[in-house]
Amino acid sequence: MRKMKLASAFLMSTAIAPAAHADGHLQIVDEPLELTIHMHWPRAQGYNEEYPVELAAREMTGIHLIDATSGKNTTDHNEAINLLLATGDLPDIVGGHRIKDAVNQYGPEGAFVPLNDLIEEHAPHIKAFFDENPDIAQAISSWDGNMYYIPYLPDGKFGRAYFIRQDWLDALGLEQPQNVDEFYDVLVAFRDNDPNGNGLKDEIPLFQRQWEELIRYVTLWDGRSSGSDTYHDFMVVDGQLQHPYATEGYRDGMAHLAKWYAEGLIDPEIFTRGSSSRDYLLSENLGGVTHDWFASTSGYNASLEGTVEGFNFVPFLPPASVSGVRMEEHRRIPFKPDGWAISHTNENVIETIKYFDFFFTEEGRLLSNFGVEGDTWNMIDGQPVYTDEVLNGGIAVNTQMYEVGAQIQRGYWQDYRYEWQWTAEAAREGIELYDANDLLIDQFLGVAFNEDEQRVYDRNWTQIQTYMLERQQAWILGTGDIEADWDDYVAQLDRMGYNDVIEVMQAAYDRQYGN
Amino acid sequence: MEHRTTRLNRIADHLRANWQIYVLLAPTIIWFIVFLYRPMYGLQIAFKDYSVFRGIDGSPWIGFEHFHTLFGSDQFIRALKNTVIISMLTLLFGFPMPIILALMFNEVLNQTYKKTVQTVVYLPHFISTVIISGIVITAFSPSSGVVNTVLDWFGFDKIYFLTKPEWFRPIFIGSGIWQEAGFSSIVFLAAIAGVNPSLYESAVVDGASRWQMMWKITIPSIMPTIIIMLIIRIGNLLEVGFEMIILLYQPATYQTADVVNTYIYRQGLQVGQYDLAAAAGLFNAVVAFVLVMTANTISKRYSRTSLW
Amino acid sequence: MSSVVLEKIVKKYGAFEVVHGIDLEIAAKEFVVLVGPSGCGKSTTLRMIAGLEEISGGTLTIGDRVMNRVAPKDRDVAMVFQNYALYPHLSVSENIAFGLRIRKVKKEQIAESVADVAGILGLTDYLDRRPADLSGGQRQRVAMGRAIVRHPEVFLFDEPLSNLDAKLRTQMRAEIKRLHKRLGVTSVYVTHDQVEAMTLADRIVVMCDGRIEQIGTPMDLFNNPINTFVAGFIGSPPMNQIDAKLTYDDKGPLADIDGVAVRLPALPELKHNEGRKIVVGMRPEHMSITPIDDASELPVTLDLIETLGSEALLHTMVAGKPFVAKAETNGKALALEDVTSLRIAAKEIKVFDGETGMAFGHPGTA
């Protein structure tokens with residue numbers, strides 16, 4: 001069935017594309033030009049030269065991408081790119097998952113071509129994007145000030161939200177908690193008042209699939225758990241780099257979380273239950289509150305309908321913190337460390353940057369987001385709309401897109417209309433609810449180190465983070481009291497070189513963001 | 001000069017006469033060169049500021065800096081200590097188990113029963129580490145785990161084992177024994193099968209009990225095998241099975257669970273510090289080499305059994 | 001010392017019977033050798049006496065105790081194995097002391113016994129060595145030492161010399177004989193080598209296919225084999241056995257061997273059996289190349305002479321089968337053409353039934 005679909009997609013794209021773009025205004029080269037590409041990403045360790053999107057892009061631009069991916073036998077992207085670099089034989093384009101660190105480290109050493117001037121001269125659409133988003137241009141640059149890759153730019157702001165069993169609240173006659181104290185009361189009620197009605201005190205009021213998400217709740221006491229969508233990341237406060245785990249808000253929040261854990265409000269197995277905990281605790285009618293992705297978490301309302309009587313798991317606004325702030329700390333990062341770069345062996349640098357630019361044109365964006373027009377989608381009232389086959393095909397829309405070569409981790413600008421079309425109604429309502437309130441905070445977008453800074457960071461940071469996480473779990477589990485341990489903890493961070501790390505972070509940050 | 005040519009001639013004659021044997025030997029030698037000796041060239045990155053792009057030769061020398069970094073780190077020292085403790089305990093409890101199993105199998109007379117039990121104890125060896133860890137995590141889970149259920153029956157408090165540093169080593173070592181003891185017993189069973197049966201008959205006529213035969217015949221007879229296996233194990237002392245640890249440990253249990261290999265994994269490979277990882281790996285190898293040499297020498301002196 | 005009595009001893013492995021009801025009485029202090037080709041059940045029988053094999057039927061008595069269900073250690077027997085069964089990790093003295101230690105004999109007593117035995121066997125200088133550092137003969141002696149040291153009622157030997165070279169075997173044979181004389185312990189000795197059997201035994205038991213063919217002193221078996229099997233097994237080189245037809249002349253019975261008439265002893269069973277198929281047995285030692293009285297003459301053509309010194313083995317064919325004669329040469333070299341006929345006296349000839357192989361005129365069958 002899937003093969004059939006691909007085959008027909010192929011036929012249609014070859015039949016329709018030339019007609020649609022017969023004017024050739026997107027043509028980059030007169031004679032077909034072949035460029036080799038390394039494309040290592042989670043769904044596939046390689047680039048399929050028969051993607052309908054690739055075929056259409058060929059038709060429009062005249063450039064053919066030839067798969068030359070290293071490390072096809074591993075799913076570890078780091079390993080794949082290191083393997084590629086170690087062989088020394090780089091393809092024209094190096095793309096895929098998590099390439100940012102590699103291109104920013106080895107770009108200045110000469111492995112990749114700096115893109116700033118090329119963008120300036122040959123890539124008007126990319127230039128337009130960066131002109132509008134200078135912070136992203138800064139954030140993706142390496143320490144020498146040059147950009148070495150064109151990132152995959154996700155669209156949409158919200159990722160995660162707080163979810164609660166509305167039917168449990170209703171059963172106990174409670175309202176959605178609006179602040180941290182009410183939140184506590186609701187959790188206690190969930191624990192004690194048998195909201196699932198089975199006569200057993202088996203409810204787990206608060207649970208998380210990733211234990212790191214638990215730390216997110218310190219925002220209820222004005223602490224922070226991370227400055228970006230990566231766990232345990234640094235944050236910027238008034239232009240100053242800090243680590244959330246070295247701040248007093250964190251200390252206060254952790255003290256309360258430890259108390260909640262001891263009181264049985266938090267899943268006692270939070271550290272080992274793992275990724276299936278959401279599935280298990282929801283389908284067993286045991287879990288009350290979680291902080292998780294909009295789309296996938298809303299999906300349980302449909303999948304558990306009939307299995308769990310009256311199941312209604314809804315997003316609710318983050319409860320106001322002790323100082324009255326409602327904060328959704330997690331948001332989608334505006335750019336990913338994924339995308340593509342031009343390697344130093346590329347002899348057609350200008351054509352390549354023009355090809356990159358193609359995916360920022362109207363046609364290129366639609367192609368890279370939705371697939372080939374007339375095949376997977378149609379333009380209706382000026383909006384790209386997926387065909388019924390795609391929306392109701394029984395296969396997740398993103399999976400279908402990956403198969404035709406759309407939404408793959410090339411350097412492209414995602415269009416949120418892609419996701420919105422297949423987001424469940426419940427999630428859409430939640431997103432609109434979150435959107436209507438000012439919940440988001442600025443993100444730390446990362447820094448690029450020079451070699452000396454990198455060395456200081458590498459030598460110290462992993463160890464410091466290890467220590468922080470050890471203490472963090474110990475405090476939650478009650479083998480230590482954060483209030484009593486705090487001064488020793490801070491002193492130990494100092495001894496381990498915390499200030500040196502902050503210093504190089506700050507230097508890199510100042511250089512990159514021009515403070 | 002004269003001497004040289006005759007000697008070369010002798011070697012050439014020797015090669016010509018025995019060329020079949022050398023052809024048979026060649027694959028092994030090539031394997032060693034390609035997969036073991038050639039990669040040793042890469043060991044030098046332990047003394048370099050290594051960049052994947054610049055390559056081994058292009059990266060600058062920095063002497064012993066990586067070793068300074070390692071030994072200046074409390075966490076490395078702790079990992080080293082944990083490695084030694086876990087290895088020693090594994091050796092202490094894990095090494096005798098397969099021998100005991102083999103001796104027990106040897107005493108079982110009912111063949112069907114023996115085959116069944118053997119299959120059952122060999123089986124865990126063939127299960128992937130990921131699944132074994134899953135089984136361990138489930139078995140020790142506070143809510144639904146077998147262990148806590150049993151504790152509960154007897155009126156003890158439930159324990160969240162996998163977050164308790166003091167429980168990590170027993171669980172890790174115990175599950176390791178459970179997984180490997182059966183399969184490791186095969187080599188000892190083979191050694192027992194090689195014992196001359198008339199030794200036992202002679203002992204029977206002399207009036208030895210089964211217990212005496214085990215102590216006075218079986219164990220001494222397989223002692224060379226035991227010693228060789230022990231020397232090999234000592235050589236691998238620092239090679240704690242870190243995949244299993246990574247799957248079982250938590251920051252909360254780093255204190256007792258973090259070993260050199262997991263440290264290398266976190267500090268070196270996860271963040272791409274291959275040079276530092278190579279330094280730690282080199283240190284591991286040197287220690288292992290010294291341990292094997294020592295064990296071998298001691299064994300040679302006192303028991304006349306040795307690897308070489 | 002104890003006697004050993006086997007009554008209707010049977011050994012079965014499942015439905016497969018390998019020893020078919022053996023009767024054997026071994027007197028105290030007697031040295032009995034079980035001999036026969038491999039697979040004849042001699043070792044199995046020995047192992048049943050030792051208790052290493054369960055007895056499937058019949059009764060085993062040692063001394064005056066029925067031993068069928070008695071554990072090996074309580075039978076008061078000691079066994080010497082073909083491959084010595086020495087413990088490689090123990091020294092010579094520890095090996096010898098093993099049985100005593102198992103029996104928790106006092107240390108001083110063990111030391112004394114070991115020293116005694118070592119003295120008897122000439123092992124005193126080797127007590128601290130490991131078996132790996134000993135020669136084959138020394139190992140054999142250690143194995144015997146282990147048996148001797150316990151002062152058992154019965155010694156059991158399971159082909160103890162077959163791993164030794166010929167010269168050492170001769171030497172050890174003599175030692176075993178001497179030892180038996182000195183200690184006077186009842187001994188059962190298994191071998192497939194008839195020379196060992198002849199030299200060592202007070203009585204020999206010849207076995208074949210799980211049955212006893214004949215029991216007797218070595219000379220009994222040599223002179224009066226009960227059948228062609230025993231006749232062929234005892235003696236070296238073995239007795240020549242020639243198919244023939246029984247005829248008569250006025251002086252008595254004759255054997256018709258391919259037209260050559262050979263005078264047979266005048267046994268009563270040979271009367272009135274004209275034309276009967278018989279096997280004529282002639283020992284090589286009884287053949288002569290010089291004329292003797294009252295002898296029949298076999299014309300032969302030699303094809304090989306093996307010179308042994310004062311004697312020679314003469315190989316030829318008689319009635320289509322290889323035939324060997326042993327001749328005195330008195331140190332003279334003999335040429336093939338020197339011998340054209342062999343002679344044998346009628347009284348030396350054995351006659352067997354051509355159908356059953358049983359001897360005519362045997363004292364046991366008469």
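The chains referred to below are lettered A, B, ... by the order of the sequence lines, with proteins before strands, and numbering in each begins at 1.
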**OP:** Could you please state which residues from residues 83-91 of chain B sit under 4.5 angstrom from chain A, measuring non-hydrogen atom to non-hydrogen atom, sorted by number, or 'none'?
**Re:** none
Original post:
Of the backbone (N, CA, C, O) and the side chain (C-beta and beyond), which part of A:Q472 lies under 4.5 Å from a heavy atom of chain B, both, or neither?
Top reply: neither
**OP:** Consider only side-chain N and O atoms of B:Y274 and A:N82, and report whether a donor and an acceptor are under 3.5 Å apart.
**Re:** yes
Original post:
With a 4.0 Å cut-off, would you call A:R455 and B:D49 a salt bridge?
Top reply: yes
**OP:** Please state whether the side chain, the backbone, both or neither of A:W475 comes within less than 4.5 Å of a heavy atom of chain B.
**Re:** neither
Original post:
Which atoms of A:M468 come close to chain B, meaning under 4.5 Å heavy atom to heavy atom: side chain ones, backbone ones, both, or neither?
Top reply: neither
**OP:** Using a cut-off of 6.0 Å, state whether more than 12 heavy atoms not belonging to B:F93 lie near its atom CZ.
**Re:** no
**OP:** State whether a side-chain donor-acceptor pair under 3.5 Å links A:T272 with B:Q250.
**Re:** no
Subject >> Part of A:I270 within contact of chain B (heavy atom distance under 4.5 Å) >> reply: backbone
Original post:
What part of B:F140 lies closer than 4.5 angstrom to a heavy atom of chain A: side chain, backbone, both or neither?
Top reply: neither
Original post:
According to the interplanar angle, ranging from 0 to 90°, do the rings of B:F53 and A:Y106 count as parallel (below 30°), tilted (30 to 60°) or perpendicular (above 60°)?
Top reply: tilted
Original post:
Does B:F32 CZ have over 12 foreign heavy atoms under 6.0 Å away?
Top reply: no
**OP:** Quick one: pull up CG in A:L85 and CZ in B:R54 and give me the separation to the nearest 0.5 Å.
**Re:** 12.5 Å
Subject >> A:R459, CZ atom: more than 12 neighbouring heavy atoms under 6.0 Å >> reply: yes
Original post:
For B:Y265, does the OH atom sit with more than 12 other heavy atoms under 6.0 Å from it, leaving out its own atoms?
Top reply: no
Original post:
Going from CD on A:Q463 to CG on B:D74, what distance comes out if it is rounded to the nearest 0.5 angstrom?
Top reply: 8.0 Å
**OP:** Let me know if A:L477 has heavy atoms under 4.5 Å from chain B in its side chain, its backbone, both or neither.
**Re:** side chain
Subject >> Minimum heavy-atom distance B:Q273-A:D458, with the two atoms named >> reply: NE2-O, 3.2 Å
Original post:
Got more than 12 heavy atoms from elsewhere within 6.0 Å of NZ, B:K81?
Top reply: no
Subject >> For chain A, which residues of residues 150-176 of chain B have heavy atoms nearer than 4.5 angstrom >> reply: B:Y160, B:L162, B:T163
Original post:
Does any non-hydrogen side-chain atom of A:E109 lie less than 4.5 Å from one of B:S51?
Top reply: yes
Original post:
Under 3.5 Å, is there a donor-acceptor pair between the side chain of A:E470 and the main chain of B:T253?
Top reply: no
Subject >> A:E269 to B:S141 - nearest heavy-atom pair and separation >> reply: OE1-OG, 3.1 Å
